[in-house]
Participant: 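The structure is given below, and queries will be raised subsequently.
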Amino acid sequence: MFRCLRPLGRSVTYTRWLHLLTPIAVYGIWVFIDMERPYVPFLALLLIGLIPAARLAEGIQAQLLVVPHERGRHDATVSAAPSASWADRRRTVVWLEIRLALALVTGLVSVWPSMLTYDLANGALGGGTGDIPIVRDLAPHWWWWLLAPVPVLTMLWCVVGLGEADAALARRLLGPSKAERLTVLEERTERLLERNRIAREIHDSIGHALTVAVVQAGAARAAGDPAFTDRALAAIEETGRAALDDLERVLLVLRESGGPVGQRPTLDESDRLLESARASGAKVDAELSGPLALVPGPVSREGYRILQEALTNVLRHSGPVPVRVRVAVLGERLEMDVTNPLPGSLPKVQGGSGLRGIRERAALLGGEARSGPKDGEWRVRVRLPLDGLR
């Protein structure tokens with residue numbers, strides 16, 4: 001019983017009722033002016049619907065009154081945008097015609113039950129029965145009080161049904177077009193890519209710093225040499241400061257008030273990574289060749305992060321071991337190789353986020369990344385096209 005009455009207690013039922021009744025005001029003015037041609041407003045709507053701004057106005061009204069819970073959402077089922085194509089104009093014309101027809105039906109549904117309730121109540125009090133045929137020829141009686149609420153409840157249930165029909169038609173005829181849905185999908189994809197990029201930035205930068213700090217602290221404790229301990233603390237301090245700078249850049253992006261993407265580190269600053277790995281005890285044999293300064297910004301920035309993650313994986317899973325790093329610009333591609341001896345057991349990193357992040361970065365740039373054991377060594381090999389950004 002209470003479930004059946006629940007729609008009558010929702011505010012959206014009455015905002016939709018108002019939306020349904022609004023066109024009657026304009027239609028009533030015209031009928032008052034020219035009662036002999038009541039069809040003229042329908043003809044006028046054929047022209048009004050072709051105006052691009054008409055769809056915008058109708059969409060705003062529908063969002064406010066028909067689907068208020070979707071107002072301001074990027075995935076709203078009713079669009080608040082002007083017509084961008086003839087298909088949008090045709091749908092707007094159909095919507096305006098149907099809306100006016102629904103308004104007339106809603107007006108009748110609202111007026112006659114109200115008049116019937118009044119006549120029933122008036123007859124129960126001993127007054128007249130009015131001109132409604134249902135009660136006009138009946139003898140008034142006190143028990144008409146029990147029937148008086150029935151027409152009003154029936155009217156409200158009809159309003160609920162008409163409101164649902166209004167909402168369904170608004171979603172169908174004023175909903176986003178294919179172009180608008182594609183735009184929303186592209187924006188959502190861009191947001192997801194940005195979130196994934198920020199997650200990778202945090203993982204690569206902070207993960208590298210923590211790995212260096214752990215390796216340095218463990219080596220200093222095992223060495224028992226004050227001079228080595230001082231060098232380890234200096235390396236931890238330098239790496240920590242660099243990580244804090246990277247973290248600040250990422251936080252500025254999250255606040256949407258940070259500097260441009262170009263402030264992120266590039267391959268020109270890869271010496272910082274190599275010295276950090278050397279300070280952790282790794283013997284890094286690095287060879288950087290080719291015009292790295294001329295590498296496009298996106299490739300250079302992602303290449304820096306790939307190199308950082310590769311060195312972090314070496315320190316994390318193999319410790320301070322000899323590492324060979326080769327970074328070269330060859331023709332129209334950037335090649336990167338990071339190789340280190342395998343420990344006693346193969347590192348279980350196939351499902352880790354580090355190697356997955358390297359592959360994702362390479363794929364976004366139209367390149368490829370491979371990693372795995374080869375001839376007793378663990379090798380990370382990356383190929384990035386300099387003109388294949390996607």
Participant: Report the C-alpha distance between Leu365 and Glu360 in whole Å, list the side-chain angles of each, state the deciding distance to 0.1 Å, and finish with yes or no for side-chain contact (heavy atoms from CB on, under 4.5 Å).
Facilitator: CA-CA 9 Å; Leu365 295 172; Glu360 289 175 354; over 6 Å; no
Participant: Of all heavy-atom pairs between Pro385 and Val299, which one has the smallest distance, and what is that distance?
Facilitator: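 Distance-wise, the nearest heavy atoms are O-CG2, 3.9 Å.
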Participant: Can you name the closest pair of heavy atoms from Ile24 and Gly107 and give their distance?
Facilitator: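 It is CD1-CA, 3.7 Å.
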Participant: Can you name the residues that form a side chain to side chain donor-acceptor pair (under 3.5 Å) with Glu377, not counting sequence neighbours?
Facilitator: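 Partners of Glu377 by the side chain to side chain donor-acceptor pair (under 3.5 Å) criterion, ordered by chain and then number, come out as Arg324.
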Participant: Would you indicate whether the side-chain heavy atoms of Ile358 and Ser371 approach each other to under 4.5 Å?
Facilitator: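 Ser371 does not reach Ile358 side chain to side chain.
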Participant: Please walk me through it: do Leu173 and Thr92 pass side-chain contact (heavy atoms from CB on, under 4.5 Å)?
Facilitator: CA-CA 7 Å; Leu173 299 174; Thr92 304; over 6 Å; no
Participant: Kindly give the heavy-atom pair with the smallest separation between Ser270 and Leu307, and that separation in Å.
Facilitator: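 For Ser270 versus Leu307, the nearest heavy atoms are CB-CD2, 3.8 Å.
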Participant: Counting heavy atoms not belonging to Asp34, are there more than 12 under 6.0 Å from its CG?
Facilitator: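 Buried by this count: over 12 neighbours within 6.0 Å.
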Participant: When you look at CZ of Arg10, are more than 12 heavy atoms from neighbouring residues, nucleotides or ligands closer to it than 6.0 Å?
Facilitator: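 Yes, because the 6.0 Å sphere around CZ of Arg10 holds more than 12 heavy atoms from other groups.
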Participant: Quick one: does Met155's side chain get under 4.5 Å of Trp17's, heavy atoms only?
Facilitator: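 Heavy-atom side-chain distance check passes, below 4.5 Å.
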Participant: Please check if Val159 and Val67 belong to a single hydrophobic cluster, counting links between Ile, Leu, Val, Met, Phe, Trp and Tyr side chain heavy atoms closer than 4.5 Å.
Facilitator: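 Yes, it is one cluster - the side chains of Val159 and Val67 are joined through contacts under 4.5 Å.
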Participant: Any side-chain heavy atom of Arg71 sitting closer than 4.5 Å to one from Leu64?
Facilitator: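 Sidechains of Leu64 and Arg71: in contact.
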Participant: Taking the side chain as everything from C-beta on, heavy atoms only, tell me whether Arg305 gets closer than 4.5 Å to Pro265.
Facilitator: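 The answer is yes, as the side chains (C-beta and beyond) meet within the 4.5 Å cut-off.
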Participant: The criterion is salt bridge (Lys or Arg N to Asp or Glu O under 4.0 Å); which residues satisfy it with Arg383, sequence neighbours excluded?
Facilitator: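 If we apply the salt bridge (Lys or Arg N to Asp or Glu O under 4.0 Å) test to Arg383, skipping adjacent residues, the hits are Glu335, Asp337.
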Participant: Do Leu43 and Val93 belong to the same hydrophobic cluster, where Ile, Leu, Val, Met, Phe, Trp and Tyr are linked whenever their side-chain heavy atoms lie under 4.5 Å apart, directly or via other members?
Facilitator: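 The answer is yes; both residues are in one hydrophobic cluster.
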Participant: Run the salt-bridge test on Asp271 and Arg278 with the 4.0 Å N-O cut-off and return the result as yes or no.
Facilitator: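 No, this pair does not count.
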Participant: Of all the heavy-atom pairs spanning Leu267 and Gly303, show the shortest one and how long it is.
Facilitator: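 That would be CD2-C, 3.7 Å.
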Participant: Return yes if some donor-acceptor pair links the side-chain N/O of Arg326 with the main-chain N/O of Asp285 below 3.5 Å, else return no.
Facilitator: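 A pair under 3.5 Å: yes.
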Participant: Is there a side-chain contact between Leu386 and Val329 in this structure, where contact means two heavy atoms from C-beta onward sitting under 4.5 Å apart?
Facilitator: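 Side chain of Leu386 against side chain of Val329, heavy atoms only: contact under 4.5 Å found.
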Participant: I'd like to check the side chain to side chain donor-acceptor pair (under 3.5 Å) partners of Arg90; sequence neighbours left out, ordered by chain and number.
Facilitator: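 Side chain to side chain donor-acceptor pair (under 3.5 Å) check on Arg90 returns nothing, list empty.
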Participant: Just one of Glu269, Glu309, Arg272 clears the side chain to side chain donor-acceptor pair (under 3.5 Å) bar with Tyr304, so which one?
Facilitator: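 Only one of Glu269, Glu309, Arg272 forms a side chain to side chain donor-acceptor pair (under 3.5 Å) with Tyr304, namely Arg272.
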Participant: Where do Pro341 and Val321 come nearest, in terms of heavy atoms and distance?
Facilitator: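 Closest heavy-atom pair between Pro341 and Val321: CD-CG2, 4.2 Å.
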Participant: At what distance, to the nearest 0.5 angstrom, does CG of Leu100 lie from CD1 of Ile98?
Facilitator: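 CD1 of Ile98 is found 11.0 Å from CG of Leu100.
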Participant: So Val323 and Val338, side-chain contact (heavy atoms from CB on, under 4.5 Å) or not? Walk me through it.
Facilitator: CA-CA 7 Å; Val323 184; Val338 179; 3.8 Å; yes
Participant: So Tyr27 and Phe42, do their side chains get closer than 4.5 Å, heavy atoms only?
Facilitator: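 Side chain of Phe42 against side chain of Tyr27, heavy atoms only: contact under 4.5 Å found.
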Participant: Mark yes or no for whether Thr154, through its side chain, and Val150, through its backbone, hold a donor-acceptor pair below 3.5 Å.
Facilitator: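 Yes: the side chain of Thr154 pairs with the backbone of Val150.
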Participant: Please list, one pair per line, the donor and acceptor atoms closer than 3.5 Å that link side chains of residues 48-61 to other protein atoms, with sequence neighbours excluded.
Facilitator:
{"from": "Arg55", "atom 1": "NH1", "to": "Ala81", "atom 2": "O", "distance (Å)": "3.3"}
{"from": "Arg55", "atom 1": "NH1", "to": "Glu180", "atom 2": "OE2", "distance (Å)": "3.3"}
{"from": "Arg55", "atom 1": "NH2", "to": "Gly175", "atom 2": "O", "distance (Å)": "3.0"}
{"from": "Arg55", "atom 1": "NH2", "to": "Glu180", "atom 2": "OE1", "distance (Å)": "3.3"}
{"from": "Glu58", "atom 1": "OE1", "to": "Trp95", "atom 2": "NE1", "distance (Å)": "2.9"}
{"from": "Glu58", "atom 1": "OE1", "to": "Arg99", "atom 2": "NH1", "distance (Å)": "2.7"}
{"from": "Glu58", "atom 1": "OE2", "to": "Arg99", "atom 2": "NH1", "distance (Å)": "3.3"}
{"from": "Gln61", "atom 1": "OE1", "to": "Arg99", "atom 2": "NH1", "distance (Å)": "3.3"}
{"from": "Gln61", "atom 1": "OE1", "to": "Arg99", "atom 2": "NH2", "distance (Å)": "3.2"}

Participant: When clusters are formed by joining ILVMFWY residues with side-chain heavy atoms under 4.5 Å apart, either directly or through shared neighbours, do Leu20 and Val31 land in the same one?
Facilitator: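 The answer is yes; both residues are in one hydrophobic cluster.
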Participant: Return yes if some donor-acceptor pair links the side-chain N/O of Ser289 with the main-chain N/O of Ala328 below 3.5 Å, else return no.
Facilitator: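 Not at all, since once roles are kept as given, no pair shorter than 3.5 Å links the two residues.
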Participant: Please list, chain by chain and in numerical order, all residues satisfying side-chain contact (heavy atoms from CB on, under 4.5 Å) with Ala76, sequence neighbours excluded.
Facilitator: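 Once residues adjacent in sequence are excluded, the partners of Ala76 under the side-chain contact (heavy atoms from CB on, under 4.5 Å) criterion are Gln63, Glu70.
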Participant: To the nearest 0.5 angstrom, please state how far the CG atom of Asp88 sits from the CG atom of Leu174.
Facilitator: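 Taking CG in Asp88 and CG in Leu174, the distance rounds to 9.5 Å.
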Participant: Enumerate donor-acceptor pairs with a distance under 3.5 Å from any side-chain N or O in residues 160-171 to protein atoms, sequence neighbours excluded.
Facilitator:
{"from": "Glu164", "atom 1": "OE2", "to": "Arg16", "atom 2": "NH1", "distance (Å)": "3.2"}
{"from": "Asp166", "atom 1": "OD2", "to": "His19", "atom 2": "ND1", "distance (Å)": "2.8"}
{"from": "Arg171", "atom 1": "NE", "to": "Thr77", "atom 2": "OG1", "distance (Å)": "3.1"}

Participant: Working note: Arg301 + Asp268, criterion salt bridge (charged side-chain N to carboxylate O under 4.0 Å, His left out); need CA distance, chi angles, decisive distance, verdict.
Facilitator: CA-CA 9 Å; Arg301 287 189 291 270; Asp268 286 340; over 6 Å; no
Participant: Is any side-chain heavy atom of Val66 less than 4.5 Å from a side-chain heavy atom of Val78?
Facilitator: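 Result no, sub-4.5 Å side-chain heavy-atom pair not found.
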Participant: Flag the pair Val382 / Leu384 as yes when at least one side-chain heavy-atom distance between them is below 4.5 Å, and no otherwise.
Facilitator: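 Side chain of Val382 against side chain of Leu384, heavy atoms only: contact under 4.5 Å found.
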Participant: How long is the gap from CG on Asn340 to CG on Leu311, to the nearest 0.5 Å?
Facilitator: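 Nearest 0.5 Å value for the CG-CG distance: 9.5 Å.
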Participant: Leu8 and Tyr14: side-chain contact (heavy atoms from CB on, under 4.5 Å), yes or no, with the steps?
Facilitator: CA-CA 8 Å; Leu8 303 182; Tyr14 303 98; 4.1 Å; yes
Participant: Please check: side-chain N/O of Ser79 versus main-chain N/O of Pro176, any donor-acceptor pairing under 3.5 Å?
Facilitator: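 No, the answer is negative, given that no donor and acceptor are paired below the 3.5 Å cut-off.
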Participant: Determine the minimum heavy-atom distance between Ile306 and Ala362, stating which atoms define it.
Facilitator: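 Answer, listing the atom of Ile306 first, then Ala362: CD1-N, 4.4 Å.
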Participant: Judged by atom type as modelled, is there a donor-acceptor pair below 3.5 Å linking the side chain of Ser300 to the main-chain atoms of Gly297?
Facilitator: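 Absent.
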